[in-house]
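Comments concern the structure below.
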Amino acid sequence: MKEQKSKNAKEQKSKNAKERKSERAYRIIWIMGQADAVATNKQKSERVYNIDNHNIDNNLIGDSRKGNNQIDNEQIEIREGDYKRQNMLEEEIMRMPKKSDRIIINGELPLCGNISISGAKNAAVAVIPAALLVDGWCRIENVPQISDVEILKSIVSEMGAKVEVEDSNTLYIDASNIHSHVATYEMVKDLRASYYLLGALLGRLGSAEVYPPGGCDFGFRPIDQHIKGFEALGAVVTESDGIVVANASNLVGAIVYLDIVSVGATLNLMMAAVKAQGTTIIENAAKEPHVVDVANFLNAMGANIRGAGTDRIRIKGVEKLPGKASYTIIPDQIEAGTFMIAAAATGGDVCVRNIIPKHMESLGAKLTEMGLSVTFNGDWIRVKRERPLKSANIKTMPYPGFPTDLQPQVSALLTQADGTSTVTEGIWINRFKYIYELNKMGARIKVEGKKALIRGATPLEGARVDACDLRAGAAIVIAGMMAKGVTELTGVRFIERGYEDFVSKLNSLGADIRYDG
Ligand code: EPU
């Protein structure tokens, strides 16, 4: 009996080791595959904009345009820096601890009740670097407690800013005495949004040196549009080993047409231009809610930015940003969407509170199309599942289109819809890695290029799975909550990058999720 037990234990150990090895091999092959995918990629995305002024902060409306905007993004050139960034990413993944951050999910429990949404991650990770542009203090409220924010707090304090935590979600930052323009590899290695330090430091000090960003990995993440914008303002930018160095004795306003709608390039340029001489115009700007939020923050500190939320942003340079003001970050559109989808997926009834309903329209429309009851009011939205789900076709697009950051979560939901659904990724080259994990749980999803074909409804079963990136992690948690039996999810650190108290919030709605160890 004892011998049999020890034999079983040995077999299990070797099976686990094999699984780990094949998972790791899969991850590396996947990354290597990116090079080919990018080299041959002709990204052609047709982006149809229908700007509705209700989307936009009325104080900031400059020129709003209606119409079609077709972007033909020619073959993306892979530069040496991109390969080096990719190599660093592979090394990073090899070093990642396995099984050190695991949660256990007991599935099949409907989520019910009320949940309050935290401040927007993607606004916070830009507002904190933007605080470096302020010549005095600023107070930032509704800052989510997530690991990306923790990293940024320590980066800006290493640069000489005084950072005080006034309460769990309020930061006081005084950047009067910043002394460094360098963000080293050690400082930024776990952070995608490190590129905002480029625009902020360039705008404040006239020079910036920033190591390549880490963060979520779904294909090459070029920053050519950021660089093009800085150069248009008069900066000299060099890139070597992935390290970007930008210097300008004098930044002068210019008209910059972005070849691709980029949230990061729009925000970075905005930061670099805020104190430039004269006026900068960003054409084909991103219109995401956090672009408007960062513009509002900078204006509250003394900047002169108009048109954020439209595709034409005008920035009149000012000499100083005096600051001495408080600013409250908007609620997180993606966190809200994740809870709406989780409610739908588990057959629940959840009221998602403290949101801006306008930001949730594209998701609300799709959930309604799938047969869910979705009601909006004031600052909340209620999602209730009363009947079987219908299949849907979804394509991710820049705002106000369906957000790419909800693509994995909605794909998990669509595994429960009758018929075949398609989900087309319109922003990133490869954001389907999580599908391997969902299929391990019994989903029937096939990826063809930028399209996932999802056959449903498929019962899911608990499995040992890995959160390969932030939103993938959220999608797998949703799948685990729908699945029969127990799901063991590793890579929870990815989820903690962007969701405040995700596990405890879900438990408060009736989920059964616990940290393992
Ligand atoms: N792109 C270029 N050149 C550039 C910049 C971007 O080709 O210079 C391409 C990208 O490769 C991508 C597309 O343009 O194909 C859009 O990229 P964008 O610059 O808009 O993305 P980002 O600023 O790097 C932010 C969010 C992402 C979100 C995207 C799209 C932050 C910190 N990150 O990334 O959020 O997916 O916008 O909305 O704001 C997440 O929260 O999970 C996340 C990944």
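The shown structure was predicted, so the numbers you read here are calculated from the model rather than taken from an experiment. Residue numbers start at 1 and run along the sequence shown. Numbering of ligands and ligand atoms starts at 1, following listing order.
Remark: distances from the non-hydrogen atoms of Pro222 to ligand 1 include one below 4.0 Å. By the 4.0 Å heavy-atom criterion, Lys121 is counted among the residues contacting ligand 1. Residue contact annotation: Arg431 has a non-hydrogen atom under 4.0 Å from ligand 1. A heavy-atom separation below 4.0 Å is found between Tyr195 and ligand 1.
For Ile427, a nitrogen or oxygen atom sits less than 3.5 Å from a nitrogen or oxygen atom of ligand 1, counting backbone and side chain alike. Remark: ligand 1 and Val263 share an N or O pair separated by less than 3.5 Å (distance only, no angle test).
Thr280 and Arg314 share no donor-acceptor pair across their side chains, judged by distance under 3.5 Å alone. A donor-acceptor pair shorter than 3.5 Å can be found between the side chains of Gln407 and Tyr434.
Listed by atom number, the atoms of ligand 1 under 4.0 Å from Val125 heavy atoms are 32 (C). In summary, the atoms of ligand 1 found under 4.0 Å from a heavy atom of Ile223, numbered by their order in the structure, are 4 (C), 8 (O). The contact set between ligand 1 and Thr404, taken as ligand atoms under 4.0 Å from a residue heavy atom, comprises 30 (C), 36 (O), 38 (O). Of all atoms in ligand 1, listed by their number and element, those nearer than 4.0 Å to a heavy atom of Gly264 are 19 (O), 23 (O).
Of the listed options Tyr399, Trp428, Tyr196, Phe494, Trp428 places a heavy atom closest to atom 17 (O) of ligand 1. Distances from atom 41 (O) of ligand 1 to the heavy atoms of His290, Gln333, Arg471 put Arg471 nearest. The heavy atom nearest to atom 14 (O) of ligand 1, considering only Val291, Leu470, Asn122, Ile260, is found in Ile260.
Without hydrogens or angle criteria, Asn284 side chain to Leu258 main chain gives a donor-acceptor distance under 3.5 Å.
For the atom pair CZ of Arg204 and CG of Leu132, the computed distance is 7.5 Å after rounding to the nearest 0.5 Å.
Contact check for Met481 versus Leu506: side-chain heavy atoms found under the 4.5 Å cut-off. In this structure, Met360 and Ile355 have side chains that are in contact, with non-hydrogen atoms separated by less than 4.5 Å.
By the criterion of a heavy-atom distance under 4.0 Å, both the backbone and the side chain of Gln225 are placed next to ligand 1.
A cation-pi arrangement, defined by a distance under 6.0 Å to the six-membered ring centre and an angle within 45 degrees of its axis, is present between Arg471 and Tyr499.
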Please lay out, stage by stage, how Asn122 and Glu288 fare under the test side chain to side chain donor-acceptor pair (under 3.5 Å).
CA-CA 10 Å; Asn122 286 344; Glu288 269 64 7; over 6 Å; no
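A tilted orientation is assigned to the rings of Tyr211 and Tyr185, their planes being inclined by 30° to 60°.
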